[in-house]
Protein chains: 2
Amino acid sequence: MARAVSETHGEILAAAARRFGVTGYRGTSLQDIAREVGCSKATVLYHFANKEALLAELMAPAIGVLRDLDDQLTGLTGAAAQEVAAQGFVDLAVRFRREIAVLRGEFPELLCQPAFAHIQQISDRLRDALAGNSDRPGARIAALVLLAGISEACAEFVDIPDDDLRAALLALVRRAVEPVEAQLPHPPTTEDKDS
Amino acid sequence: MARAVSETHGEILAAAARRFGVTGYRGTSLQDIAREVGCSKATVLYHFANKEALLAELMAPAIGVLRDLDDQLTGLTGAAAQEVAAQGFVDLAVRFRREIAVLRGEFPELLCQPAFAHIQQISDRLRDALAGNSDRPGARIAALVLLAGISEACAEFVDIPDDDLRAALLALVRRAVEPVEAQLPHPPTTEDKDS
DNA sequence: TCAGACCCTGACCGATCGGTCAGAGAACAC
DNA sequence: GTGTTCTCTGACCGATCGGTCAGGGTCTGA
């Protein structure tokens, strides 16, 4: 009965992605995943230390790309930051549609888990970048609406080809983002958010 | 110890709204709510038939307004539908910020409950209206992004005055919505990527 | 005074959750 | 053969969930 370890491991991961995407992380039990794979719950816990570890491994690739995007944004401000954030996030959201569906709405509590501790800060920086680092409430609100809405849309429109979805979202973002005034009144107080 | 029934009833409702808003519907136990009120779990279930009934009563006002908006949309198409949908939904989302926070991300499963059976259809019609009843994927995607994003933003920005938030969101929607071609029977399809 | 309605509670129920553990069975090296 | 390692499992655990129930206070009207 024993399969190759990597095989079962992968099957569990795939089943978890499917179930999490439909019923959410908390709404999916280890028993559900085991049933879908065709093994026992104990087998799931043989391959993964616990439920959280399973989720962490599932999200690792997406988190890696998110971190890369965050790195690209360091030092950028204004329109340049907006453009990189828009392209980067749209691309990420489209590519990792399924992973985003997993987190759907459970962000607040999942972010408390140690494996996702810094995602909140990254997404805050992403929002600021998309707002062109503007302090105007309108810009910040628009940026949050777009980030949240894009996540939701990607999780919802699973049947649209990547390229079409990416193009539509990017066009939307470019229409919707509050244009930031160029470089002119840029204050000399280069206030880096780094403390 | 016995308080007036309406008093305890209201306290439970208020406590449930607070807890649901923070930890979500499924993430909040009846015990949590009872603890916040300062009564026993049995008391909560004396005032409300079950957990679902508690949620239903909490959401009733918002659902009523949503239904009214849906009525207003019947018969409208194109730009008129877009405008009514935009104003109506932004207003609703801002007014019922807390109720929206309750549903945050748990929509898919909560919609299965009989008390919320038709909300899915209403929100689908709302999305179509905001898209100007266009069939173009771009318009439909933009509409969904805006609806989902606005919900999320309202649940997040609890500290912004109603008027400011409403104005910012409305401005965003008007920028972001795909303009619908007037009444022309069919567009000249300049760059229609629709297949 | 007393019955009954109302408000509330502790104790309890079955179900399900994430997680543990001893051990069965197969594969392989010697 | 024997021993070891790897994979997998049933049985079990404590905790928590939503929900039930008998009954104890308290108030009120007859």
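Scope of the values below: all heavy atoms of this structure, side chains included, with no hydrogens, waters or symmetry mates. Protein chains get the first letters and strands the later ones, always in sequence-line order, with residue 1 at the start of each. As the structure is a computational prediction, the values presented were derived from the model and not from experiment.
Closest contact between the side chain of B/H47 and the listed nucleotides D/dG18, C/dC8, D/dG10 involves C/dC8. Counting only heavy atoms from C-beta on, A/T8 has its side chain closest to D/dC8 among C/dG18, D/dC8, C/dG10. The side chain of B/Y46 lies closest to C/dC6, out of D/dC6, C/dC6, C/dG18. Picking from C/dT9, C/dG18, D/dT9 the nucleotide with the shortest atom distance to the side chain of B/C39 gives C/dT9.
The shortest distance between side-chain heavy atoms of B/E99 and B/F20 does not fall below 4.5 Å.
Atom NZ of B/K51 is separated from atom P of C/dA15 by 19 Å (rounded to the nearest Å). Atom pair B/L30:CG and C/dT9:P shows a separation of 14 Å (rounding to whole Å applied). One interatomic measurement links the two molecules: CG of A/L55 to P of C/dG19, which rounds to 12 Å at whole-angstrom precision. Atom pair B/Q31:CD and C/dA11:P shows a separation of 13 Å (rounding to whole Å applied). The distance from atom CG of A/N50 to atom P of C/dC17 is 17 Å, rounded to the nearest whole Å. Atom CD1 in A/I33 sits about 15 Å away from atom C1' in C/dT16, given to the nearest Å. With rounding to whole Å, A/L54 atom CG is found 10 Å from C/dG19 atom P. Between the CG atom of B/D32 and the C1' atom of D/dG19 there is a distance of 16 Å, rounded to whole Å.
Between A/R140 and A/D135, no side-chain nitrogen of the basic residue sits less than 4.0 Å from a carboxylate oxygen of the acidic one, so the salt-bridge criterion is not met. Using a 4.0 Å cut-off between a side-chain N of Lys or Arg and a carboxylate O of Asp or Glu, A/R166 and A/D91 qualify as a salt bridge.
Below the 3.5 angstrom threshold, one finds a donor paired with an acceptor across the side chain of A/K41 and the base of C/dG18.
In this model, the phosphate group of C/dC17 is approached by a side-chain N or O of A/S29 to a distance below 4.0 Å at OP1 or OP2. One finds no side-chain N or O of A/T43 lying less than 4.0 angstrom from the OP1 or OP2 phosphate oxygen of D/dT7.
A/L45 comes within contact range of at least one nucleobase, with a heavy-atom separation under 4.0 Å.
The salt bridge (Lys or Arg N to Asp or Glu O under 4.0 Å) contacts involving residues 45-73 of chain A comprise A/D70-A/R125, where partners must be two or more places apart or lie in separate chains.
Of the two residues near DNA chain C, B/A42 and A/Y25, the one whose nearest nucleotide lies more 5' is B/A42.
Here the side chain of B/S134 pairs no donor or acceptor atom with the backbone of B/A139 at under 3.5 angstrom.
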